[in-house]
Amino acid sequence: MISLDQVSKVYRTKTIETTALNNINLEVPKGEFLSIMGPSGCGKSTLLNIIGLLDEPSDGAVTIAGKQVQKYASKATSHFRNEKLGFIFQSFHLIPDLKVIDNVELPLLYRKHVSAKERRRLSEEALESVGLKNRMNHFPNQLSGGQKQRVAIARAIVGKPEIILADEPTGNLDSVMGNEVMDILLNLNKEGGTTIVMVTHDENMARRTHRLMRLYDGSQIK
Amino acid sequence: MIRHIIKLIWNKKGNNSLLIVEIFLSFLVLFAVLSYVIYNTDRLEVPTGFDTENRWLVFLDRNDKDMDSTANAQMRINLKNDLQSLENVEDVAFSNPIAPYSYNTWSSSYDDLGFEMRSRFLYADINFEKTMNINVTDGRWFDETDKTATYEPIIVNQFFIDQYFPDKSMIDSIIPFGGDKKIIGIIDDYRYNGVFEELQETCFFYQPYTSENSEIIYLKVAENTPKSFEEEVSKMVESITKSSSFVIQDLKAMERRNNRQTWVPMIALLSISGFLCINVALGLFGVLWYNINNRRSEIGLRRALGASRVGIASQFTGEVLILTLLAVLVGVFFAVQVPLLKLIDIPPNIFYRSMFYSALIILTIVVICALYPSAQASKIQPATALHED
């Protein structure tokens, strides 16, 4: 499903060159739940951004669903992200001026040929699957951290993507809420067959996934 | 997407209200100024109906009434003949004291069995047409036969005909206008208060130059007549009238002075509006810039969820355009009351055109101001923006 071949990422300024990722090779088969761990600044988020087409590798090839995506033009990349990928972030990234239902609808807004009625139906369905349908007319600031992350999960799954990329989804939550969110992700992976790549600092959460990949200073620890 | 933008605007109505009020007030100010400007400039293309170049006016002393009528007539005969004999004088005419750009007006209305006609009155002699280059479009100007005419002859402007006798041939018609009057000629116009003056019904009556009411002398002087020639005219008029209480004025200079009185406030108002527009533009630019910086993570998120760069730029431009349209709509609602309720007595089309141009100017400013910040927003790297929060 996801294949990274000799992927490197180097940030260059006039005076400094920083290697964020160094020759990463990674194969994530369809339906796998992979977690990535490592100390801060080791390149976990960079790796996730490259898989999520939010950033480009300096070198190497990225293949997702059989397509060499790093060669895509900007518009095609946006389209691909919208169709194939779902994102969950540590700080939720909900738009404070939109109600929960409107936040969940967002990915469908950028998808052609989805009527307003259909968007509404799919969003309600996604909210129901994370147990927050009754909060759909609330604003994000009226929700707890766990609820916000569940809304973010609903937003990630509303477009039925094949891959979910989660960047420390439990990082801002206490253990109870963190476990709730983890349960939802595990369920999505198990029931829906969604491929999930999760960056985490939490060893316990990582242990619940199929496979753990460790990074250190931009390199993969074998 | 429009519905989504409207939701965003509505949910941030508190933040947006100030911007809407600013645009709304700017629209109203622009509307008022443009209405004034359009009202005044609309008739710039329409000729006044007479020439001002190389025309001099001599305003005779109105208090000099101690001469008997014979002496008065003789004085005017002498004035006409002697002035006409001067090398630089091509034509001489006389009129009553209603001179161009003097702001004297004499108007009256007559009611004939419920049919009311109103007009400005002017009295002029046979030479007036030639001296002032009046354009007679139908019929003729006064001539010697009018001195003994059965019906008092009048010459009216086309506007008079359009108002009271549209689509009728009125030459040689007798009309009840303070007694029976015969229309012997139609002129295109005689807007003696200048190009900014509204079209008005105007009627010329015949007045022999020998009449003691012929208080203004019109001189058509040769091209390039030096200003020093005025002294020669002055000496001649003084010696004939035995008075120094007269004034000689260049009609072109009078016209310039008169027009300045409208141009100056118009340019001042336009300048103020221009500054206001610049203010609005800077305000909008600032608000947009602030919004974009405040919403970097939202931009990153939208890009991550599938928005293209064009989509981001369109969204920010769309937000400000919808806000502006809303403000302009409120403005139009208030502005349209002016012509609908006839609050000001000028043609309604001026207000409608002004509304259109005001909206166009505001929308153009908004689009120009929105383009650059929106383009910058679209260049925000999603990975960077999402990581900042």
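What's counted below: heavy atoms across the whole structure, side chains too, no hydrogens, waters or symmetry copies. Convention: sequence-line order gives letters A, B, ...; per-chain numbering from 1.
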How about NZ on B:K342, more than 12 heavy atoms from neighbouring residues, nucleotides or ligands closer than 6.0 Å, or not? no
Between A:R81 and B:R303 (side chain of the first, backbone of the second, donor and acceptor by atom type, cut-off under 3.5 Å), is there such a pair? yes
Nearest heavy-atom contact between A:S78 and B:S308 is OG-CA, 3.5 Å
Positions in residues 349-373 of chain B that reach chain A, provided some heavy atom is under 4.5 Å away: none
If you count heavy atoms of other groups shown closer than 6.0 angstrom to CD of A:E56, is the number above 12? no
Heavy-atom proximity to chain B below 4.5 Å, by part of A:R111: neither
So, the part of A:F139 with a heavy atom under 4.5 Å from chain B: the answer is side chain
Here the pair of heavy atoms bringing A:H93 nearest to B:L301 is O-CD2, 3.1 Å
Taking side chain as C-beta onward, heavy atoms only, is A:I95 less than 4.5 Å from B:R295? no
Best-contacting candidate, B:E298, B:R3, B:M1, B:H4, against chain A by heavy atom pairs under 4.5 angstrom: B:H4
Between A:F89 and B:A304, the two heavy atoms sitting closest are CZ-CB, 4.3 Å
Just wondering, are more than 12 heavy atoms of other shown residues or ligands nearer than 6.0 Å to CD1 in B:I2? no
Is a side-chain N or O of A:H79 found less than 3.5 angstrom from the main chain of B:G306, in a donor-acceptor match? no
How long is the span from the CG atom in B:L386 to the CG atom in A:D55, to the nearest 0.5 Å? 11.0 Å
Does some side-chain heavy atom of A:L54 sit less than 4.5 Å from a side-chain heavy atom of B:Q381? no
Is it true that atom CD of A:E17 has more than 12 heavy atoms of other residues, nucleotides or ligands lying nearer than 6.0 Å? yes
Within the side chain of A:D97, is there an N or O that forms a donor-acceptor pair under 3.5 Å with the backbone of B:N11? no
Quick check: do A:D102 and B:K7 have side-chain heavy atoms less than 4.5 Å from each other? yes
Do you know which of A:Y110, A:F80, A:F87 has the most heavy-atom pairs under 4.5 Å to chain B? A:Y110
Pick one of side chain, backbone, both or neither for A:L109, based on which atoms fall under 4.5 Å of a heavy atom in chain B. side chain
Whether over 12 other heavy atoms sit under 6.0 Å from B:L343 CG: yes
How long is the gap from CG on A:N82 to CG on B:L305, to the nearest 0.5 Å? 8.0 Å
